[in-house]
Protein chains: 2
Amino acid sequence: MTTTAARRERQRIQLIDAAEKAIAEKGLPGLKARELAQEIGCALGAIYNLVADMDELVLRVGSRTLARLDAALSAAENEATPVSARQAADRLVAVALAYCAFARDNLQLWRVLFEHRMAEGAVVPDWAVSEQMTLFRHILEPLSVLVPDRAEPERMLMSRTLFSAVHGVVAIGLEEKLIAVPRRDLDRQIEGLVHLVCRGLAVST
Amino acid sequence: MTTTAARRERQRIQLIDAAEKAIAEKGLPGLKARELAQEIGCALGAIYNLVADMDELVLRVGSRTLARLDAALSAAENEATPVSARQAADRLVAVALAYCAFARDNLQLWRVLFEHRMAEGAVVPDWAVSEQMTLFRHILEPLSVLVPDRAEPERMLMSRTLFSAVHGVVAIGLEEKLIAVPRRDLDRQIEGLVHLVCRGLAVST
DNA sequence: GAAAAATCTTGAACATCGTTCACAAAGTTT
DNA sequence: AAACTTTGTGAACGATGTTCAAGATTTTTC
């Protein structure tokens, strides 16, 4: 006999599954409490026994997306730790392209990571914040090879900057509000930007 | 005696004023049709004689924001047309910092430019799309000095990339979902990025 | 094992939205 | 002045997230 807590846990996962699917297919506005309840076969009010509110649900989906994104970036780091500047640059390009590919393949879910805003007054829980930091890790390592002389905090800041820059190119490139950038061009933009930055770093002695 | 059309036009402006104020103070979720109606002293339904729907209203506010942003960037281009690479780089830095300052000072309105999504099925009108293109202009001119040998379409793409990169740094830097970046650090990040790109461009023969 | 207590589930009800629409008011034309 | 057209009005509609009293279920107690 399954205990109540276990069943609830199973239902919570079903709920997040359904929410993830809904967002992936129809975007954040396509996430409806009533549809979710019907999907997982429970009453409307029962959702609030599984999550506090819709915000938490969105954050949980975001957590999953972040984990998959992290895995995708890790997969792009196929080789061993880079030692030469050339290898470091190649890895940065690979990670950036993987980021772009992930965003394209998971457009709606990826957008939620950045576009979702908590309800008035609500605050983002700590675990959600700290999760995001893991992204910079993929940049910090190759960057340490490129600029070994800089202090760690400064390298951390540079990681953040480089990540943000690539993110910006991807975000605006995939924004259909502007004229859509063809896939090939977008990849070339990213490659060009990362190469440019690496070249700039190489000269900076 | 004021004609009906003129009065309506005046009311439309009042409506956009009120909407702009509401968004600036409380963000996009703070934009309520009923509050706007009360603010400008008309019936709820009368709003739909002034604009087609809320989407159009948001778009019109965005148009204003874009115009002010354009003016702010223009103001940052105080000197004459850059001729040397050094001048071009300085101007790019100045424009980027002005972009950051504008975003910070108009946080909610600036966000709407990128985060607002049209209702299901609705399409962004042409005028809204073409307006956005004007932003790249501020980058294209200095960039033409830095890389005069590249073809125009490629320079256009580079402008877009550089703009997007700076935009990304600003967007993530001002995102309170992550740990907030102090103003000074954010400015330094941007300056560093633009300098890095310029240096990379200078070496690229 | 049955009764009692605690817990969970339910779906109707509530508060808010944007949006519509029949009707009244105002303006325009004949 | 009367007929017609346009415009303004706010109640009503359909969605939405969230709550809550009451019924169903599980757990505890003796």
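Order of the sequence lines fixes the chain letters, A, B, ..., with proteins taken first and strands second; residue numbering starts at 1 for each chain.
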Is a salt bridge present between B/Arg184 and B/Asp187, judged by a nitrogen-to-oxygen distance below 4.0 Å? no
Donor-acceptor contacts under 3.5 Å from residues 32-40 of chain B side chains, at least two apart:
{"unit_1": "B/Glu35", "atom_1": "OE1", "unit_2": "B/Lys26", "atom_2": "NZ", "d": "2.9"}
{"unit_1": "B/Glu39", "atom_1": "OE2", "unit_2": "B/Lys21", "atom_2": "NZ", "d": "3.4"}

Atom CD of A/Gln38 and atom P of D/dA15 are separated, to the nearest Å, by 14 Å
Considering only NZ, NE, NH1 and NH2 on the basic side and carboxylate oxygens on the acidic side, decide whether B/Arg155 and B/Glu141 come within less than 4.0 Å. no
Just list the side-chain donor-acceptor pairs under 3.5 Å for residues 44-58 of chain A, sequence neighbours left out, or say none.
{"unit_1": "A/Asp53", "atom_1": "OD1", "unit_2": "A/Asp55", "atom_2": "N", "d": "3.3"}
{"unit_1": "A/Asp53", "atom_1": "OD1", "unit_2": "A/Glu56", "atom_2": "N", "d": "3.1"}
{"unit_1": "A/Asp55", "atom_1": "OD1", "unit_2": "A/His116", "atom_2": "NE2", "d": "3.3"}
{"unit_1": "A/Asp55", "atom_1": "OD2", "unit_2": "A/Ala119", "atom_2": "N", "d": "2.8"}
{"unit_1": "A/Glu56", "atom_1": "OE1", "unit_2": "A/Ala52", "atom_2": "N", "d": "2.8"}
{"unit_1": "A/Glu56", "atom_1": "OE2", "unit_2": "A/Arg60", "atom_2": "NE", "d": "2.8"}
{"unit_1": "A/Glu56", "atom_1": "OE2", "unit_2": "A/Arg60", "atom_2": "NH2", "d": "2.9"}

Over how many whole Å does the gap from A/Met118 atom CE to D/dG17 atom P extend? 16 Å
B/Arg8 CZ to D/dT7 C1', in whole Å, measures 7 Å
Would you kindly give the CD-to-P distance between B/Glu120 and D/dA15, to the nearest whole Å? 15 Å
Among A/Thr161, A/Leu162, A/Leu196, A/Val197, which residue meets the side chain to side chain contact (heavy atoms under 4.5 Å, CB included) test with B/Leu196? A/Val197
Which residues within residues 16-36 of chain B lie with some heavy atom under 4.0 Å of an atom in DNA chain C? B/Leu31, B/Lys32, B/Ala33, B/Arg34
Going by atom type alone, with no hydrogens or angles, which donor-acceptor pairs under 3.5 Å involve a side-chain atom of residues 100-107 of chain B and a protein atom two or more places apart or on another chain?
{"unit_1": "B/Asn106", "atom_1": "OD1", "unit_2": "B/Arg68", "atom_2": "NH1", "d": "3.0"}
{"unit_1": "B/Asn106", "atom_1": "OD1", "unit_2": "B/Arg68", "atom_2": "NH2", "d": "3.1"}
{"unit_1": "B/Asn106", "atom_1": "ND2", "unit_2": "B/Phe102", "atom_2": "O", "d": "3.0"}

Classify the ring geometry of A/His167 against A/Phe163: parallel below 30°, tilted from 30° to 60°, perpendicular beyond 60°. parallel
Please list, in numerical order, the residues of residues 44-60 of chain B that have a heavy atom closer than 4.0 Å to any atom of DNA chain C. B/Leu44, B/Gly45, B/Tyr48, B/Asp53, B/Met54
Tell me, please, which residues at least two apart from A/Glu191 pass salt bridge (Lys or Arg N to Asp or Glu O under 4.0 Å). none
